[in-house]
Chemist: 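I'd like to ask you about the structure that follows.
Here is how names work: the chains are called A, B, and so on, in the same order as the sequence lines, proteins then strands, and each is numbered from 1.
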Amino acid sequence: MSEVGESLNFIEHIVEEDLENGYSPSDLRFRFPPEPNGYLHIGHASSICLNFGLGLRYNAPVNLRFDDTNPIKEEQAYVDAIKKDVEWLGYNWDTERYASDYFQQLYDWAVMLIKEGKAYVDSQSSEQMAAQKGTPYEPGRNSPNRNRSVAENLELFKGMKDGNFEEGSHVLRAKIDMTAQNMLMRDPIMYRVLHKAHHRTNTDWCIYPMYDWTHGESDYIEQVSHSLCTLEFAMHRELYDWFLDQVVDSKKLRPKQREFARRNLSHTVVSKRKLLQLVEQHVVDGWDDPRMPTISGLRRRGYTPEAIRNFVDTIGIAKRENLIDVSLLEFHAREHLNKIALRVMGVLDPVKVVITNYPEGEEEWLETENNPEDESAGTRQIPFSREIFIERADFKEEANRKFFRLKLGGEVRLKSAYIIKAEGCTKDADGNIVEIQCVYDLKSKSGSGTEESMRKVKGTLHWVSIKHAIKAEVRLYDRLFSDESPDTHKDKDFMDFINPEALEVITGYLEPSLVSAKIGDRVQFQRLGYFCVDPDSSQENLVFNRTVGLRDTWAKIQDQ
RNA sequence: UGGCCUAUGGUGUAAUUGGCAACACAGCUGGUUUUGGUCCAGUCGUUCUAGGUUCGAGUCCUAGUAGGCCAACCA
């Protein structure tokens, strides 16, 4: 994986430095620590690739650890979805862990802290405590409960654990410093009373530990060497270290927290809370809706794990704010799909073409290559007949030289078939073209080797024989938000920027080979884009999702 | 009024740790092409500001500016 001259990100530099300064390679251990309160999104992919990538690079174990300390928001269904996504991305964790596995150890340590006078039970309301906490500019004040006796603290804490108290009646706080600059050090809460069933521990516990108390100690228990998290936890590091100081054995490895900037993707939101809002308000059809930037949404959209990993690799890891253009993600989808997707033909906005000199009732099967990028993909047969569909946009009665598609009196090549010439068209009462009449050159058949078949014609169109075409539902996706950074406007809600045209459902006419397409199959509809078969698809109703369109130079020329 | 973090082309990330600012995407120009795709060639353009240290600064120091984060019994 690592090569000479390869450039490292700042996290890798830190690891390299640690290795030089005495860490043994066997000391290295990483973890990916999702909270099971939602689905993983493209931002998490960065963290997954970072942690598991480090594991691969240094041949070090990586744990999958669920940070499940808040039973109000967490569910087993999310655990399952997260595991599926990590596996799909192509990573193997060393062991599957849960912060809840450590509840007893955490409790024992908390009792120890109480005995050492470093933690106390506070029995005020959250409002009272908030008022005493001060502000970033003013110090806080001590709680009246701060100097309770060890015995009383012990008894109250035991009572909290045993379920003798109502939610909100007591909390356990670390006794640090109410005047600290860092507000997280102003006697942070370690435990709250919660009479909620937990997805793993059920009703065993009536108290649940807070993130700060749990995370670093979990890293320590697992002997994680580098605990990597996003920048918003930078201020938590001081507390992370303080909690570690209370329990570490100097003979064991002490984890270190380092922070990196989360990745923001343009034209979407990368926040579980906001994505949940989209799901709950039915803006999308679920966490795996192909419009969603979730791993499961991207999967359903037709993205490959390789494309996502390559994307994550090129955007890198750093500490500055960023807004990565979604076109870079699309580039990586095309890059991989170009290599693996079989080429097929489908017409999404059809107009009928009649080849007047082609015998009525006749049909023939033509050979066409499955993927010009991959000779081993072979060839297949496609049917041709007198009446075909082409794209409406591929015909104009009159057009300038730049338009090298079909126009009256002009010639085009039908992909893998014949050269045709448009001689006329008929319109309905509203002036819409309903039929184009063409003649074909019998000798121009693709691959026949004749002089005529070698003729250079500027345009090549995709087409489908009407008689043989199969209908399919085609879902065309666009960006979910019209604004490139919908959730950074101070005076507007991100929901105001939802793009109502992010999904358009149409009927497409596809070549018959696609009847056997299976859920998840990825193909390129030639000249249109990459599509994949949606899980909603059935024998009766084929459903294709557009993953991403092809690069479209013609669209750019038209815009000018 | 405070603390912490960050600042490199349009975007993202590098720079052998103080030694010719590079890679990818996007853009533009051409070539190839039975996909206006792919591929190939070329091109455009960058170190927030002001001082300082140094033979030499994107990198170190000082000040400023701009942006992000910090007052949940969330993570």
Chemist: With rounding to the closest Å, how many angstrom separate the C1' atoms on B:G45 and B:G3?
Modeler: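 It works out to 38 Å between them.
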Chemist: Any side-chain heavy-atom pair from A:Glu373 and A:Gln524 closer than 4.5 angstrom?
Modeler: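 When only atoms from C-beta onward are counted, A:Gln524 and A:Glu373 do not touch, as no gap falls below 4.5 Å.
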Chemist: Quick check, are the ring centers of A:Tyr240 and A:His236 under 6.0 angstrom apart?
Modeler: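 Judged by ring-centre distance (under 6.0 Å), A:Tyr240 and A:His236 do not meet the cut-off.
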Chemist: Please identify each residue that fulfils ring pair (Phe, Tyr, Trp, His ring centres under 6.0 Å) with A:His13, with sequence neighbours left out.
Modeler: none
Chemist: So what does A:Tyr208 touch, heavy atoms closer than 4.0 Å: a base, only the sugar-phosphate, or nothing?
Modeler: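 Here A:Tyr208 touches no strand at all.
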Chemist: What do you reckon, are the aromatic ring centroids of A:Tyr418 and A:Tyr440 less than 6.0 Å apart?
Modeler: yes
Chemist: Round to a whole Å and report the spacing from CD1 of A:Ile340 to C1' of B:G37.
Modeler: 16 Å
Chemist: Identify whether the glycosidic angle of B:U17 places it syn (within 90° of 0) or anti.
Modeler: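 Judged by the O4'-C1' to base torsion, B:U17 sits in syn, the angle falling within 90° of 0.
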Chemist: Check side chain to side chain donor-acceptor pair (under 3.5 Å) between A:Ser376 and all other residues, then give those that pass, not counting sequence neighbours.
Modeler: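 By the side chain to side chain donor-acceptor pair (under 3.5 Å) rule, A:Ser376 matches A:Asp374.
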Chemist: On a whole-Å scale, what distance lies between the C1' atoms belonging to B:U43 and B:U49?
Modeler: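 Looking at atom C1' only, B:U43 and B:U49 are 31 Å apart.
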Chemist: Less than 3.5 Å between a donor and an acceptor, one on the side chain of A:Gln524 and one on the base of B:U35, is that the case here?
Modeler: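 By the distance-only test, yes, there is a pair.
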Chemist: With sequence neighbours left out, write down each residue that passes ring pair (Phe, Tyr, Trp, His ring centres under 6.0 Å) with A:Tyr98, or none if nothing qualifies.
Modeler: A:Phe66
Chemist: On RNA chain B, check which nucleotide each of A:Val457 and A:Phe10 is closest to and give me the residue with the more 5' one.
Modeler: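 Comparing both residues, the 5'-ward one is A:Phe10.
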Chemist: Scan nucleotides 67-75 of chain B nucleotide by nucleotide, 5' to 3', and note B when protein non-hydrogen atoms come under 4.0 Å of the base, S if they reach only the sugar-phosphate, - if neither.
Modeler: BS--B-BSB
Chemist: If I take atom CZ in residue A:Phe384 and atom C1' in nucleotide B:U34, what distance separates them, rounded to the nearest angstrom?
Modeler: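 Result: 14 Å.
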Chemist: Find which nucleotide of RNA chain B each of A:Glu369 and A:Arg263 is nearest to by heavy atoms, and output the residue with the more 5' nucleotide.
Modeler: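 In this pair, the answer is A:Arg263.
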Chemist: Would you mind telling me which of B:C5, B:G36, B:U13 lies closest to the side-chain atoms of A:Lys319?
Modeler: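 In terms of side-chain proximity for A:Lys319, the closest of B:C5, B:G36, B:U13 is B:C5.
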Chemist: Do the ring centers of A:Phe165 and A:His170 come within less than 6.0 Å of each other?
Modeler: yes
Chemist: Roughly how far apart, to the nearest Å, are B:G12 and B:U54 at atom P?
Modeler: 36 Å
Chemist: By a strict heavy-atom criterion of less than 4.0 Å, which residues belonging to residues 371-380 of chain A are in contact with RNA chain B?
Modeler: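 Only A:Pro372, A:Glu373 qualify.
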Chemist: Could you give the distance separating B:C61 and B:G27 at their C1' atoms, to the nearest angstrom?
Modeler: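 Approximately 39 Å lies between the C1' atom of B:G27 and that of B:C61.
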Chemist: What pairs of residues pass the salt bridge (Lys or Arg N to Asp or Glu O under 4.0 Å) test when at least one of them lies in residues 228-239 of chain A, not counting sequence neighbours?
Modeler: A:Arg237-A:Glu259
Chemist: Taking CD from A:Glu484 and C1' from B:G10, how many angstroms apart are they, rounded to a whole number?
Modeler: 10 Å
Chemist: Is a side-chain donor-acceptor pair under 3.5 Å present for A:Arg263 with A:His44?
Modeler: no
Chemist: Apply ring pair (Phe, Tyr, Trp, His ring centres under 6.0 Å) to A:Tyr102 and list each qualifying residue two or more places apart in sequence or on a separate chain.
Modeler: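 So A:Tyr102 forms no ring pair (Phe, Tyr, Trp, His ring centres under 6.0 Å) with any residue.
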Chemist: Residues in side-chain contact (heavy atoms from CB on, under 4.5 Å) with A:Asp487, at least two apart?
Modeler: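 By the side-chain contact (heavy atoms from CB on, under 4.5 Å) rule, A:Asp487 matches A:Val269, A:Lys274, A:Ser485, A:Phe494.
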Chemist: Within this structure, what is the CD-to-P distance between A:Glu452 and B:U34, rounded to whole angstrom?
Modeler: 16 Å
Chemist: Could you walk me through whether A:Ser123 and A:Arg148 pass the side-chain hydrogen bond (donor to acceptor under 3.5 Å, both in side chains) test, one step at a time?
Modeler: CA-CA 11 Å; A:Ser123 312; A:Arg148 280 218 252 239; 2.3 Å; yes
Chemist: May I ask you to verify if any side-chain N or O of A:Arg527 is less than 4.0 angstrom from the OP1 or OP2 atom of B:G36?
Modeler: yes
Chemist: For this output row, return yes or no: ring centroids of A:Tyr191 and A:Phe157 closer than 6.0 angstrom.
Modeler: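 Centroid separation for A:Tyr191 and A:Phe157: below 6.0 Å.
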Chemist: So A:Phe311, base contact, sugar-phosphate only, or nothing? Heavy-atom distance under 4.0 Å.
Modeler: nothing
Chemist: Nearest whole angstrom, please: distance from the C1' of B:U13 to the CZ of A:Phe260.
Modeler: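 Whole-Å distance recorded here is 15 Å.
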Chemist: Mind pulling the stems RNA chain B is in, i.e. runs of at least three Watson-Crick or G-U pairs, everything under 3.5 Å?
Modeler: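 RNA chain B forms these stems: B:2-7 with B:65-70, B:10-13 with B:22-25, B:27-31 with B:39-43, B:48-52 with B:60-64.
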Chemist: Taking the six-membered ring for Trp and the single ring otherwise, decide whether the centroids of A:Trp463 and A:Phe389 are under 6.0 Å apart.
Modeler: no
Chemist: Do the side chain of A:Arg413 and the base of B:U34 come within less than 3.5 angstrom through a donor-acceptor pair of N or O atoms?
Modeler: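 Counting by modelled atom types and ignoring angles, a donor-acceptor contact under 3.5 Å is found here.
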Chemist: Is the closest side-chain heavy-atom distance between A:Tyr211 and A:Asn70 below 4.5 Å?
Modeler: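 Sidechains of A:Asn70 and A:Tyr211: no contact.
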Chemist: Evaluate the side-chain proximity of A:Asp441 to A:Arg455: yes if any heavy-atom separation is below 4.5 Å, no if none is.
Modeler: yes
Chemist: Measuring only the P atom in each nucleotide, how far is B:A21 from B:G64? A whole number of Å is fine.
Modeler: 31 Å
Chemist: Between C1' on B:U35 and CG on A:Leu348, what's the gap in Å once rounded to a whole number?
Modeler: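 Distance, rounded to whole Å: 14 Å.
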Chemist: Do you know the tightest heavy-atom contact between A:Cys532 and A:Arg522?
Modeler: CB-CG, 4.0 Å
Chemist: Could you tell me how far B:G30 sits from B:C23 if I compare only their P atoms? Round to whole Å.
Modeler: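 24 Å, rounded to whole Å.
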Chemist: With a 4.0 Å cut-off on heavy atoms, is A:Arg237 in touch with a base, just the backbone sugar-phosphate, or nothing at all?
Modeler: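 Touches nothing.
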Chemist: Please work out if A:Leu550 contacts a base, only the sugar-phosphate, or nothing of the nucleic acid, heavy-atom cut-off 4.0 Å.
Modeler: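 It contacts base atoms.
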Chemist: B:U33 phosphate, OP1 or OP2: any side-chain N/O from A:Thr460 under 4.0 angstrom?
Modeler: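 Answer is no, no contact under 4.0 Å.
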Chemist: Quick one: do A:Val464 and A:Leu510 satisfy side chain to side chain contact (heavy atoms under 4.5 Å, CB included)? Show the steps, please.
Modeler: CA-CA 7 Å; A:Val464 62; A:Leu510 315 179; 5.9 Å; no
Chemist: Strictly under 4.0 angstrom, non-hydrogen atoms only: write out the protein contact profile of nucleotides 15-22 of chain B, one letter per nucleotide from the 5' end, B, S or -.
Modeler: S-B-----
Chemist: In whole Å, measure the gap between the C1' atoms of B:U13 and B:G56 for me.
Modeler: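 The same atom, C1', in both gives a distance of 26 Å.
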Chemist: For nucleotides 23-30 of chain B, give me every protein contact, N/O to N/O, under 3.5 Å, one pair per line with atom names.
Modeler:
| residue | atom | partner | partner atom | Å |
| --- | --- | --- | --- | --- |
| B:G27 | OP1 | A:Lys556 | NZ | 2.6 |

Chemist: Taking atom C1' of B:G31 as reference, at what distance in whole Å does atom NZ of A:Lys456 sit?
Modeler: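 After rounding, the gap between these two atoms is 14 Å.
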Chemist: Taking only residues two or more places apart in sequence, or in another chain, which ones meet A:His199 in a ring pair (Phe, Tyr, Trp, His ring centres under 6.0 Å)?
Modeler: none
Chemist: Could you work out the separation of B:C20 and B:U16 based on their C1' atoms and round it to a whole Å?
Modeler: 14 Å
Chemist: Please give, in whole Å, the distance from B:C39 C1' to A:Asn338 CG?
Modeler: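 In whole Å, B:C39 C1' and A:Asn338 CG are 9 Å from each other.
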